[in-house]
Amino acid sequence: MSEVTKNTLLFVTVGALILLTGFTQSWNAAILILNMGLISAIMSIGVNLQWGFAGLFNVGVMGFVALGGLAVVLVSTPPTPGAWSEGGYGVILALLLGAATVVATVMVAQKMPKGRARTLAIVGILIVGFFVYRAIFDPNVAAIEAIDPAVAGNIGGLNLPVLLAWPAGGLLAAGAAWLIGKTALGLRSDYLAIATLGIAEIIIAVMKNEDWLARGVKNVYGIPRPSPVVGYEVELQQDPSFLARADWLGLDPVIASTLSVKLGYSLLFLIVLLVLLWMAQMALKSPWGRMMRAIRDNEVAAEAMGKDVTRRHLQIFVLGSAICGIAGAMMTTLDGQLTPGTYNPLRFTFLVWVMVIVGGSGNNFGAVLGAFLIWFLWVQVEPMGLWLMNLITSGMPDGSALKAHLIESAAHMRLFTMGLVLLIVLRFSPRGLIPEK
C-alpha cells in the first residue's frame, strides 16, 4: 500500500467515525466533534511548528489559547458604559508606568558598572515604581469593578466584528510569546518546559483574578457571532425561507437552526485550518523550513554554519504561539463565552501534545489527523466505556460491589484510553501515524 493511500484511508476512517456518530447518536453531537476537531487541529499545527520543526518543548499551550479567548472579549464585546471615564485611562497609565519601571531597571542594569551603586539603583527603581504603579492602578481598578458588577464590572471591548478578534488573538499570544521567548528560550529543553508551564498558570491566574479585564471567574457571556455566516437560532426560526428549506429537508425547525449555526462555524473553521495548513506546508518545504529542521537536529552544527539559533527559535516560538492564540479565539467564539476556570493543562496542553505525537511530529497532516482522532476518542470513549461496563456487568446481581465499581470506573475511560493509544502508537509507530518525511 502506498503512503498516499494509507494516509487517505486514515483520514477517511476518522471521517467515517464522525459520520457514524451522526447516524447513531445525533448530528448535533457529530458536528460539535467536527468543530472542536477543527480547532484542535489548528492548535496541533501551532505545537507542531514549535516541536516538529524546531524541537521547542512548549508546555504552556494553555496560556496562549487563553490569551486568544481574552482577545475576543477585548475586541468584540461592547464597552462598559462609564468604564473608561471612571478608571480605564488610569489603568492604562498605571500599566505604562509599570512597563517604564521594567525598562528603566533593564537600562540601569546594562549601563551602570557592577557594584553596590547599581544594585541600590535597581532596588530603588523597583520599589518606587511598584508603589507608584499600585497607587494609580488599585483605585482605578476598584472604580471599574464597581460599575454594575452583576453584569459588567469590567472595561469591556471595542465592539468590533468578532472575526477581527481571531487575528487579534494571534497577535496577543504572539506578543506574550515574544516576551516569554526573550527570557526563556535560552533555557535547556526541560527547564523551558517548566518555565512555559509556570507562565501559562500565571496567565490563567491573572485572568481569574483581574475582574476589570474580563470579569474573572464571573465569566463573560453573550459574545457575538461571526455574522452573516453564522446566525442566531431564534432569527432563523422566524425566517420563512429557512422554514421552507427545513420542511423540504424534513427537519424540525429547532434542530435545523441548530445544525445551520454549527455548520456555519464548521465552514469558517475549515477555511482557517486550510489556510494555516497551506502556509505551514509552504514553510516546511522552503529553505527556512529546512534550516529550522537542521537547527532541531543539531544546534551546534547549525550555529557553526552561521545560523542565529536563538533568533530562529524565538521566531518559530512566536509563530506557533500565535496559531494557538487564533485557535483559542475561535473556541471562545464557538462557546459564546469566556470562562477562565475551564482552562486546565490536561485539556489545553497535554491533550494537544498527545494529538501531535500520535498523528506524527514534524508532519502537518499528521498533526491534523491526530487532532481529529484524539478529540473523537476524548469525547466518545466515556459513553462507550459506560456501555461496555453495563454489558460486562449485565449478568451480575443488583447491589454487587464489583458491578458498582466497574460502572463507576467508566468515568476514567478517557485517561485510560489516551494512555493506551499513546503507548500503542509509540510501540508500533514511534514516529506517529503519518511520520515526517
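Atom CZ of R414 sits about 9.5 Å away from atom CD of Q380, to the nearest 0.5 Å. Atoms CD and CZ, from Q50 and F64 in turn, are 7.0 Å apart once rounded to the nearest 0.5 Å. Distance check: L373 CG to L17 CG gives 7.5 Å after rounding to the nearest 0.5 Å. Here the OG1 atom belonging to T417 is positioned 7.0 Å from the CG atom belonging to L377, to the nearest 0.5 angstrom. Atom-to-atom distance recorded for M279:CE and L284:CG is 14.0 Å, nearest 0.5 angstrom. Atoms OG and CD1, on S429 and I424 in that order, are 12.0 Å from each other to the nearest 0.5 Å.
In summary, the side chains of T258 and N28 do not present any donor paired with an acceptor at a separation below 3.5 Å, with no hydrogens or angles considered. Judged purely by distance below 3.5 Å, without hydrogens or angles, the side chains of S260 and S257 never pair a donor atom with an acceptor atom. For the residue pair W375 and S40, no side-chain donor N or O sits within less than 3.5 Å of a side-chain acceptor on the partner. Of the N and O atoms on the side chains of N48 and N364, at least one donor lies less than 3.5 Å from an acceptor on the other residue.
The two residues G69 and T332 have their closest heavy-atom pair at CA-OG1, 3.1 Å. For V47 against V61, the heavy-atom pair with the smallest separation is CG2-CG2, 3.6 Å. For G88 against I155, the heavy-atom pair with the smallest separation is CA-CD1, 3.8 Å. Residues A168 and V75 approach most closely at CB-CG2, 3.8 Å, considering heavy atoms. Of all heavy-atom pairs between L67 and A173, the closest is CD1-CA, 4.2 Å. Closest non-hydrogen pair, G156 versus L74, comes out as O-CD2, 4.1 Å.
Ion pairing of R293 with E436 is present here, as a side-chain N (NZ or NE/NH1/NH2) and a carboxylate O approach within less than 4.0 Å. Contact check on R215 versus E210 returns no salt bridge, with no Lys/Arg side-chain nitrogen under 4.0 Å from an Asp/Glu carboxylate oxygen. Salt bridge annotation for R225-E233: present, with a cationic side-chain nitrogen under 4.0 angstrom from a carboxylate oxygen.
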Q. Does the side-chain contact (heavy atoms from CB on, under 4.5 Å) test come out yes or no for T333 and Y265, once each step is laid out?
A. CA-CA 9 Å; T333 306; Y265 279 119; 4.1 Å; yes
Q: Would you please test T5 and T8 for side chain to side chain donor-acceptor pair (under 3.5 Å) and show each step?
A: CA-CA 5 Å; T5 305; T8 303; over 6 Å; no
Q) When you look at W51 and N58, which way does the side-chain contact (heavy atoms from CB on, under 4.5 Å) test go after all the steps? A) CA-CA 8 Å; W51 174 251; N58 172 22; over 6 Å; no
Q. Run the side-chain contact (heavy atoms from CB on, under 4.5 Å) check on I45 and L277 step by step: do they pass?
A. CA-CA 7 Å; I45 289 176; L277 181 59; 4.1 Å; yes
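The aromatic rings of W353 and F57 lie perpendicular to each other, with more than 60° between the two planes, well past the 30° mark. In this pair, F137 and Y133 present their aromatic rings parallel. The plane angle is below 30°, not in the 30 to 60° band. A tilted orientation is assigned to the rings of F348 and Y343, their planes being inclined by 30° to 60°. Ring orientation note: the planes of F53 and W288 are tilted relative to one another, at an angle of 30° to 60°.
Put simply, the residue from L334, V230, V229 that forms a side-chain contact (heavy atoms from CB on, under 4.5 Å) with V261 is V230.
A 6.0 Å sphere centred on CE of M282 holds more than 12 heavy atoms belonging to other residues, nucleotides or ligands. The 12-atom threshold is not exceeded at NZ of K307, counting heavy atoms of other residues, nucleotides or ligands nearer than 6.0 Å. By the neighbour-count criterion of 12 heavy atoms within 6.0 Å, atom OH of Y232 is densely surrounded, having more than that number from other residues, nucleotides or ligands.
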